[in-house]
Amino acid sequence: MKVMWGGRPRPHATAWSPRSPLLGLAILLPVLAYAAIDGTVINGTTGKPQANATVTLYKVGGNGPESIQSVKSSPDGKFFITADAQGPGPRLVQAAFDGAVYNHMLPPGAPANGITVNVYQSSTKPGEAHVEQHVMILEPDGKNLTVTEFFDFKNAGKVTFNDPANGTLRFWLPAAAQGKAAINVQSPGSVPVRRAPQKTSEPNVVKLDFPILPGDSRVDINYTMPFTTPGDFEIKTFYKGNSTKLAAPPGVILKAEGLKDLGQEPRSKATVYGIDSPAVTVQVDGAAEATSAGDAGSQQSLMQVLPRLYQSADPAGGFATAVLSVGWILLFAFGILGLGFVLLYRKAPDGR
């Protein structure tokens, strides 16, 4: 029996009827698929919500971070981002506050609602931020010397160390390097980003203007200079606590007064030395043995491989990929520093 409605048969609700609830659901599903991102910015120094922080959503891909949308946190610290970064890769929520930026990585499939982004007050004083370990890897090839440095920063406090005028890191850059050094910095919960060295009033001493956030940060420095072995290499350090170590790959011998042989790193076969003086001249002899470069299958010295990897690194993870393709230096870095870029995307969805 047909139901009459206004003299005409009443239309039945179908899946595509304007009055069908299924149509509304069909329209809603794409919206849910690309849902908004919302959360709260918390000041970790005061423990209270933080207003007026600039919150930006980034899409992280092979070409680097791509900015999607920026908003300001409200008086109660809340933020709401209506746009979403479509695609299979991770997303990055970044909050800028008091001269520093703070990151919250969202791996694929991670919840995008009710997230918390912690920011901190900044100070020009180090506070609890300090260099916990400093490693220098010397790699001669007979004509040049490639120097790779790893600085492991530890900040156990609740204040960010940020000193643009004097820099948060100072390091020795020999005149033969001509002021050229590739620097990559990784803050807690972030991806490596490129920074440029800046001159100071002291000859051959350069600084790095980069906030040291609470947590663990990593600074990687790489430069190449003309060098004939055997030859002398001058080293100066600016941090207390006997945190500096030297490493020589197989085939290279280091000698200096007060240089302590700490043994051989078992996987990379690199010889590790301790320095007991803030200034030392090291005699470098020999040449680094050849190593395999990634999938290329060719035997090359790290002097040839590593600088190219640094130059081609991008902030989105190219540097991580580059480091993974280097043989002994990866093993040594993991063994000595324990900060592997490959762990970045294995973080829990809440970023902790």
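No salt bridge links Lys154 with Asp152; every basic N to acidic carboxylate O contact stays at or beyond 4.0 Å.
Nearest heavy atom pair, residue Ser187 against residue Ser217, reads CA-OG, 4.0 Å. Between Pro90 and Met105 the shortest heavy-atom distance is CB-SD, 4.0 Å. When all heavy atoms are compared, the tightest approach of Ala248 to Val252 is CB-O, 3.6 Å. Summarising the geometry of Ala51 relative to Pro75, their closest heavy-atom pair is CB-CA, 3.6 Å, with the distance given to 0.1 Å. In terms of heavy-atom proximity, Ala83 sits nearest to Leu57 at O-CD2, 3.5 Å. Of all the heavy atoms in Ala287 and Gly142, the pair that sits closest is CB-N, 4.4 Å.
When side chains are defined from C-beta on, Gln178 does not count as touching Tyr223, because their heavy atoms never get closer than 4.5 Å. In this structure, the side chains of Val117 and Thr40 stay at 4.5 Å or more apart for every pair of heavy atoms. Contact check for Leu254 versus Thr271: no side-chain heavy atoms found under the 4.5 Å cut-off. The shortest side-chain heavy-atom distance between Ile183 and Asp220 does not fall under the 4.5 Å cut-off. Side-chain contact between Tyr58 and Gln94 is present, with heavy atoms from C-beta onward closer than 4.5 Å. Side-chain contact between Val93 and Ile37: present, with at least one pair of heavy atoms (C-beta onward) separated by less than 4.5 Å. The side-chain heavy atoms of Val282 and Leu246, taken from C-beta on, include a pair separated by under 4.5 Å. Annotation: side chain of Leu138 is in contact with side chain of Leu145 (closest heavy-atom distance under 4.5 Å).
Of the possible donor and acceptor atoms, one in the side chain of Asn113 sits under 3.5 Å from a partner among the backbone N and O of Ala36. When atom types are taken as modelled, the side chain of Asp38 and the backbone of Gly114 share a donor-acceptor pair closer than 3.5 angstrom. Put simply, the side chain of Thr45 never gets that close to the backbone of Tyr120: no donor and acceptor are under 3.5 Å apart. Thr146 contributes no side-chain N or O that, together with a main-chain N or O of Thr224, makes up a donor-acceptor pair within less than 3.5 Å. With hydrogens and angles ignored, the 3.5 Å screen pairs a side-chain donor or acceptor of His130 with a backbone N or O of Glu128. When atom types are taken as modelled, the side chain of Lys78 and the backbone of Val41 share no donor-acceptor pair closer than 3.5 angstrom.
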Decide yes or no on side chain to side chain contact (heavy atoms under 4.5 Å, CB included) for His104 and Leu92, but give the supporting numbers first.
CA-CA 6 Å; His104 183 99; Leu92 178 66; 5.9 Å; no
Do Thr229 and Asp141 pass the side chain to side chain contact (heavy atoms under 4.5 Å, CB included) test, and can you show the C-alpha distance, the side-chain angles, and the key distance before you say yes or no?
CA-CA 8 Å; Thr229 56; Asp141 71 342; over 6 Å; no
Run the side chain to side chain contact (heavy atoms under 4.5 Å, CB included) test on Trp172 and Asn204 for me, step by step, so that the C-alpha distance in whole Å, both residues' side-chain angles and the decisive distance to 0.1 Å come before the verdict.
CA-CA 6 Å; Trp172 176 259; Asn204 301 328; 3.6 Å; yes
So Val147 and Asn222, side chain to side chain contact (heavy atoms under 4.5 Å, CB included) or not? Walk me through it.
CA-CA 6 Å; Val147 181; Asn222 177 263; over 6 Å; no
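Cluster annotation: Val284 and Tyr273 are assigned to the same hydrophobic cluster (Ile/Leu/Val/Met/Phe/Trp/Tyr, side-chain heavy-atom contacts under 4.5 Å, transitive). When the side chains of ILVMFWY residues are joined at heavy-atom separations under 4.5 Å, either directly or via intervening members, Ile221 and Ile235 end up in a single hydrophobic cluster. Transitive grouping of hydrophobic side chains (ILVMFWY, heavy atoms separated by less than 4.5 Å) keeps Ile68 and Val101 in distinct clusters. The hydrophobic clustering, which links ILVMFWY residues whose side-chain heavy atoms are closer than 4.5 Å, places Phe161 and Val159 apart. Hydrophobic clustering of Ile, Leu, Val, Met, Phe, Trp and Tyr side chains at less than 4.5 Å, counting indirect connections, keeps Leu213 apart from Ile42.
Aromatic ring orientation, Phe151 versus Tyr239: perpendicular (interplanar angle above 60°, classes split at 30° and 60°).
Lys158 contributes atom NZ, which lies 10.0 Å from atom CG of Asn118 (distance to the nearest 0.5 angstrom). To the nearest 0.5 Å, atoms CD (Gln69) and OG1 (Thr82) are separated by 4.0 Å. Ile81 contributes atom CD1, which lies 7.0 Å from atom OG1 of Thr56 (distance to the nearest 0.5 angstrom). We find the CD-NZ distance between Glu265 and Lys245 to be 12.5 Å, quoted to the nearest 0.5 Å. Here Ile212 contributes atom CD1 and Asn162 contributes atom CG; the two are 9.0 Å apart, rounded to the nearest 0.5 Å. For the atom pair Ser122 OG and Phe97 CZ, the distance stands at 7.5 Å (nearest 0.5 Å).
Looking only at atom types and distance, the side chain of Gln198 has no donor-acceptor partner in the side chain of Asp209 under 3.5 Å away. Judged by distance alone, the side chains of Lys143 and Thr228 never bring a donor and an acceptor atom under 3.5 Å apart.
Outside the 6.0 Å centre-distance limit, the rings of Phe171 and Phe238 are not counted as a close aromatic pair.
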